[in-house]
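Everything below concerns the one structure shown next.
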Amino acid sequence: MSDFRTTVDIPQSNWQITVGDAIFSMGSCFSDEIASRLEQRQISCCTNPYGVVYNPWSLERQVERITDMTMEYPNVETIENEGMFHSLMAHSSLSASTKEELIDNLRHWTAKANEKMKAARMIILTFGTAWVYKYMRFVVANCHKLPASEFDRVRMSVSEVSLSVRNTIRMIRQLNEDAQIVLTISPIRHLKDTAHGNAISKSTLLLGLEDALMRISDNKLSYFPSYEIILDDLRDYRFYASDMVHPSDVAVDYVFDKFMDTYFNDRLKQYAKEGKSLWQLMNHKPMGSQSERDRHCQIVAEKHKEYCEKWGVPFL
């Protein structure tokens, strides 16, 4: 036996993205990891406008708000805690000192997300867990450090996951008919649910997504095996960070390379390669005199302009 690992072979997508295409990403913090690597390669990516979201019900509710901007903000969603107003559907970065300011923040990011989702050529949905928290029967995405006793914790069933995912895709299609929609499951382990609870949760997501995919006729909808790559292809704790929960940078880079091989055409791969080199140059902090630092800034600006002219993308 010469091969001591199980390689996850992923067929190249028949529908690929190219230079200038925008990507929209929502889901668990693993989606932020992928988005950061896209941005390093000069690929436009809007990610998690309301902050990370882990379960299908919360993601569905956020997509509903993005695609139907006439939705109201129920009182049960906007809570006050320690002098600040928070949305139970959004990260604390959107919180404010008054309820009116909070609603303004939510409306601003909703309008921006609507615009970005409408223009996206690819939409990535990353699901992290089947466990859901409810506040007075209201599904939440962020608990904002309220006492755990104020929430009910439930696990979605396979049929509930499937229905929620189908509802989410239906709403996205009402806003964007042409984008490639990629479904994936986060490989991040939710050990607060216990190892067994995490396994049950991930299995529920896997079965729910499989059922949804079988029921939907859409040739621009696919499943990308992020979870399987980490679990089977990289079956070793050396591919995890020190917390033994999050994949290491090396592991995420490996998953991202697989993602590029699946969905990027050859031109975008070259663009991304050169874009990563430009990003590294831009983030280099030279030591030395002020004149040397000024010279570095000038070189960066020149290289950036050359890159944009070569590839026909806006120079910002």
Side-chain angles (χ1 to χ4, degrees), residues 4-10 25-38 47-48 50-60 62 91-92 124-134 139-145 148 151-158 160-162 164-165 168 182-213 223-259 262:
F4 294 93
R5 52 194 283 262
T6 304
T7 303
V8 177
D9 294 319
I10 310 167
S25 176
M26 291 183 70
S28 81
C29 47
F30 187 74
S31 64
D32 286 343
E33 293 279 6
I34 297 300
S36 70
R37 284 159 174 78
L38 289 167
T47 181
N48 287 330
Y50 305 111
V52 296
V53 56
Y54 296 99
N55 70 80
W57 271 340
S58 296
L59 194 148
E60 177 189 353
Q62 289 187 354
H91 186 262
S92 58
I124 307 170
L125 306 178
T126 305
F127 301 94
T129 181
W131 288 102
V132 179
Y133 286 88
K134 293 184 177 183
V139 172
V140 306
N142 196 308
C143 296
H144 293 291
K145 299 182 179 179
F151 296 89
D152 294 319
R153 180 173 175 269
V154 299
R155 192 182 71 233
M156 297 176 69
S157 67
V158 170
E160 287 171 336
V161 170
S162 174
S164 179
V165 171
T168 300
V182 179
L183 308 179
T184 191
I185 293 175
S186 169
I188 295 173
R189 306 163 73 207
H190 289 245
L191 292 183
K192 290 182 179 179
D193 299 326
T194 73
H196 179 69
N198 175 70
I200 295 296
S201 169
K202 299 293 188 183
S203 299
T204 301
L205 292 176
L206 285 163
L207 290 169
L209 263 62
E210 179 69 12
D211 185 73
L213 287 165
Y223 176 79
F224 181 75
S226 301
Y227 177 76
E228 292 82 350
I229 292 170
I230 298 292
L231 193 72
D232 293 316
D233 198 340
L234 304 181
R235 183 184 284 271
D236 194 312
Y237 275 113
R238 65 195 169 105
F239 293 111
Y240 277 85
S242 58
D243 62 4
M244 296 300 163
V245 171
H246 294 81
S248 67
D249 286 341
V250 170
V252 179
D253 287 341
Y254 183 78
V255 174
F256 186 77
D257 286 344
K258 292 276 191 179
F259 180 84
T262 304

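We count residues from 1, following the sequence as given.
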| query | If only atom types and distance count, is the side chain of Thr204 paired as donor or acceptor with the main-chain N or O of Ser157 below 3.5 Å? | reply | no

| Distance-only, no hydrogens or angles: does the Ser203 side chain make a donor-acceptor pair with backbone N or O of Ala199 under 3.5 Å? | yes

| query | Can you check whether Thr184's main-chain N or O pairs, donor with acceptor, with Ser226's side chain at less than 3.5 Å? | reply | no

| So with a 6.0 Å cut-off around CZ of Phe256, is the heavy-atom count from everything else above 12? | yes

| query | OG of Ser201 to CZ of Arg189: how many Å apart, nearest 0.5 Å? | reply | 13.0 Å

| query | With side chains defined as the heavy atoms from C-beta onward, is the minimum distance between Val161 and Phe127 less than 4.5 Å? | reply | no

| request: Start with the C-alpha gap between Ile10 and Ile229, add the side-chain angles, then the distance that decides, and say whether side chain to side chain contact (heavy atoms under 4.5 Å, CB included) holds. | output: CA-CA 10 Å; Ile10 310 167; Ile229 292 170; 3.9 Å; yes

| query | Looking at NZ of Lys258 and CZ of Phe224, how far apart are the two atoms once the value is rounded to the nearest 0.5 Å? | reply | 8.0 Å

| said: Could you tell me if the side chain of Asp253 sits less than 4.5 Å from the side chain of Arg37, heavy atoms only? | reply: yes

| When you look at Asn48 and Ser31, which way does the side-chain hydrogen bond (donor to acceptor under 3.5 Å, both in side chains) test go after all the steps? | CA-CA 8 Å; Asn48 287 330; Ser31 64; 3.2 Å; yes

| task | Might you work through the side chain to side chain contact (heavy atoms under 4.5 Å, CB included) test for Ile188 and Cys29, ending with a clear yes or no? | result | CA-CA 8 Å; Ile188 295 173; Cys29 47; 3.4 Å; yes

| query | Got Asp233 and Tyr254 here, is their nearest side-chain heavy-atom distance under 4.5 Å? | reply | yes

